[in-house]
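Working notes, structure below.
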Amino acid sequence: MKFDSPAETNLFDDKKIIGKPTPRIDGPLKVTGTAPYAYERNDVAPDALYGYPLGAAIGHGRITSMDATAARNAPGVRAVVTTLDIDPLEKGMNNIARLFGGDEVQHYHQAIAVVVADTFEEARAATALIRVEYEAGEAANLNLDAAFRDVEGTGDPDTLVGDVEAAFRDAAVVTDQMYRTPAESHTMMEPHSSTVDWSDGGDMTVWTSNQMINWNHQSIATTFGIDPDRIRVESPYVGGGFGSKLWLRADAVLAALGSRAAGKPVKLALPRPMVMNNTTHRSATVQRIRLAADADGRLKGLWHEAASYCLPGGRGETATAPTPLFYAGQTRRVKNHVVDMPLPETADMRAPGEASGLMALEIAMDEMAVALDMDPVEFRIVNDTQVNPSDPETPFSDRNFVECLKRGAEVFGWADRNTTPGARRDGDWLIGHGVAGAFRGAPVLPSGARAILKGGKLIVETDMTDIGTGSYTILAQTAAETMGMALKDVEMRLADSTYPVSSGSGGQFGAASSTAGVYAACMALRDKIAGRLGLNDAAFADGRVTGGATDMALSEITEEVSAEDAIEWGDFQDGYEVATFGAHFVEVGVHALTGESRVRRMLAVCDAGRILNPITARSQVIGGMVMGVGAALSEDMALDRTRGFFANHDMAGYEVAVHADIPDQQVLFLDTLDGVATPLKAKGVGELGICGVAAAVANAIYNATGIRVRDYPLTMDKFLDRLPVT
Ligand code: MOS
C-alpha cells in the first residue's frame with residue numbers, strides 16, 4: 001500500500017478499538033514471569049550451555065598474549081574462544097568498533113574471550129583464569145571542553161539563516177551561556193542477552209533481545225560471512241532497549257562462537273558491569289547557546305554550537321537537532337561537531353540529539369524569559385511557528401505546541417507558581433516551579449505484515465518488536481479494527497526473521513510505521529476475502545463480511561486465507577515537517593541546607609496525533625519523564641580520563657530515577673489527528689516523553705533557589721556553597 005496523500009476520513013475514525021484504553025495483551029505473561037526472554041529459552045534450547053564473556057582491561061591498544069590453558073582445564077568448561085583465535089570479524093550495521101577477533105582493543109571492556117561451561121558459575125570462574133598481556137595505546141586527550149574550544153567556530157554551519165551577527169548586534173536582549181550534559185547509559189532492565197544454536201557450524205538460530213530484527217539478521221550474516229537464509233533471528237520479548245539494542249552486540253556474537261566451539265546451544269548475557277563500557281552509550285555534550293530577542297520577546301537570532309565524541313566513523317550525539325525547527329526567529333546559526341575519542345561507542349539513546357539538545361536549549365529559553373522579565377510560558381507562545389523557520393516553505397503537518405503550553409499551565413496551576421526565585425518555602429524545602437517545551441521528529445519507515453484468516457481467527461505475523469512499548473497490543477487493535485473483528489480473535493506473532501520485514505522499534509517510528517503496515521496487510525486480506533466471495537463492495541464489521549446478498553460470519557470461511565503487504569511512504573510527506581510536541585511542568589523542593597532536589601509533581605501535555613492506546617502511550621511518556629528526571633538529577637557516567645573508561649559501570653554507581661522518586665505524575669494527550677503522518681493519523685510518543693523534562697526540572701530548581709546550574713546532573717554539590725544561609 002502506498003501512502004501517497006494525506007489520510008481522510010477512514011475506518012479508524014470509528015474508534016471502536018483503536019484509541020480505547022486497552023491493557024497489554026502480553027501483560028499476564030510478563031507479570032507471571034512466563035514470557036520467554038532471550039536468556040530463558042528452555043522451551044526451545046533446554047540443553048543450552050552457559051557462556052561468559054571476558055572484557056578488555058585497557059581503554060585502547062593491543063593484546064600481546066592470551067593464555068587460556070587454566071580456563072580450558074577448569075571444571076565444567078566445554079570451550080574457550082579467545083579473540084586471538086579468530087580473524088577480525090566484519091562489522092555489522094552501525095558497529096563502530098569491531099565486536100570480536102584479532103588483537104586490537106578499541107575500547108575498555110571490548111569482548112576478548114568467551115568461556116562455555118555446564119553452569120554459569122563454572123563459566124564465570126574459568127573466565128577469571130585467562131591471563132592477558134596488553135600493550136596500552138598512547139594516552140589520548142579525553143577532555144570534551146578542551147575539544148570544544150579547539151573546534152568552536154570551525155567548519156561550515158549546518159544551518160545558516162539570515163544575518164545572525166546583525167541580529168545579535170541589534171537585539172534588545174542577548175544571552176550567551178555554556179551547557180554541559182554528561183555521558184549517559186541506557187540502563188534498560190534486561191541486559192543484552194542471546195541464546196544461539198550454531199552447534200554444527202551450519203544453520204544458525206539466534207534467540208536474542210533486539211529492537212530491529214532485520215538489521216540484526218543482516219548484521220549477523222555480515223559478521224560471520226554466511227548466507228542470511230541460513231540464519232533465523234527471534235526476539236519476541238525485550239526487557240527495554242532505549243536504542244542500546246538497535247544493533248548487533250557482543251552477546252549474540254559470543255554465544256554464536258561459543259555454540260560452534262562447544263557443539264551445543266549457548267546462552268550468554270552481558271554481566272551488568274560490562275554493559276556500560278562494552279555496548280553503546282549517549283555521548284556527553286558541550287553546548288554554547290546564544291539567543292537574541294526584541295524587547296517584546298520575539299526571538300531575532302538563535303546560535304547553537306555543540307560538540308560530542310565517538311570512535312572514528314560514529315555520529316556522536318547531535319545536540320543541535322531541535323534548534324533549526326523548534327522556535328521562530330528570523331536568523332540562526334547551528335553547528336554540530338563530532339570529535340574522535342578512544343572511548344566506548346556512542347550511538348542512539350532515547351531521542352538521540354533532541355534529549356540532550358533540549359536539556360540546554362530549554363534552560364536557555366528560561367534564561368531569556370528571565371532576562372526579558374516575561375512568563376516563560378508566554379515567551380514560548382510568542383515564539384511558536386507553524387512553518388519550519390529555517391525553510392519557511394515547509395509547514396508543520398500538525399503542530400499544537402501552544403495548546404500544550406496553555407492546557408498544561410491551566411491544569412498545573414501555573415498562575416499560582418512561585419514567581420520570585422528562592423522566595424517560597426515549605427519548612428526546610430525551597431519550592432520552585434519550572435516549564436520546558438518538548439519537540440521530537442516523527443519519522444516513519446516501510447513496514448510489512450502478513451494477515452491470515454483461519455477458522456474465524458486472525459493471525460498477524462510481522463518482524464516488528466515489542467520492547468516493552470505495547471506493540472503487541474496496538475497492532476492487535478489495528479488488525480481487529482481493520483478486519484471488523486473482536487480483539488480476542490486476533491493473535492499477534494512478532495519479531496521473527498521469517499516474518500515480513502517491519503520498521504522495528506526505534507526513533508519513535510515503531511508505532512506509527514508498524515500499525516500502518518498491519519493495516520496494509522489487513523486491507524490486502526479484505527480484498528482477497530472479497531475476491532473469493534465475488535464481492536465488489538464488501539464491508540467488514542462485527543466479525544462478519546457483508547455485500548450484495550452475502551452476509552456471513554468470518555468463521556464460516558473454512559479455508560485459510562492469507563495476504564501480505566507493506567506500507568510505503570509517499571514523497572508528499574517531504575513537503576511537511578512531521579513532528580511531535582509537548583510541554584512539561586515540574587514542581588521541585590530543594591533542601592535549603594543540603595541542596596538535595598526532589599521532584600514533587602510533574603505534568604506532561606503531549607501532541608502526537610491520534611493516541612492509539614492511552615494506556616500504553618501514557619506508559620511510554622511516564623517512562624520518558626522518569627528518565628528525564630534521572631538525566632536532570634543523577635545520571636552521569638563517570639569518565640576515568642587517564643584510562644579511558646567509565647568507572648561507575650553498574651546500577652549502584654550509575655543512578656537512574658525510579659517511580660518512588662516522583663510521587664505525582666500526570667500525562668495529558670491532546671489526541672489530535674495528523675493525516676499527513678500515517679493512515680491512522682498517528683505519531684510516536686516513545687521519545688517525546690523524555691524531551692525537555694530535564695530542563696523543566698533544572699528551571700524549577702532555579703526558581704526554587706535562584707541558583708542557575710548549567711552542568712548536568714544537578715547534584716547537591718553544585719548548590720551547597722550558594723544556598724541561602726538559614
Ligand atoms: Mo531509539 S534511540 O532509535 O531506540
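Note that the structure is predicted; figures quoted are calculated from it, not measured. Note that ligands are numbered from 1 as they come in the structure, with each ligand's atoms numbered from 1 the same way. Numbering starts at 1 and runs along the sequence shown.
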Determine whether F3 and F572 satisfy the following criterion, ring pair (Phe, Tyr, Trp, His ring centres under 6.0 Å), listing intermediate values before the conclusion. CA-CA 9 Å; F3 185 60; F572 84 95; 5.5 Å; yes
Neighbouring protein residues of ligand 1 - any heavy atom closer than 4.0 Å: Q211, F242, G243, L246, D348, M349, R350, P352, G506, G507, E687
Between F100 and F224, is the ring centre distance below 6.0 Å? no
Look up atom NZ in K683 and atom OG in S397, then write down how far apart they are to the nearest 0.5 Å. 4.5 Å
Return the set of residues passing side chain to side chain donor-acceptor pair (under 3.5 Å) with Y309 (not counting sequence neighbours), or none when no residue passes. H281
Charged N to carboxylate O below 4.0 Å: is that the case for E305 and R288? no
Classify the ring geometry between F439 and F581 as parallel (under 30°), tilted (30 to 60°) or perpendicular (over 60°). tilted
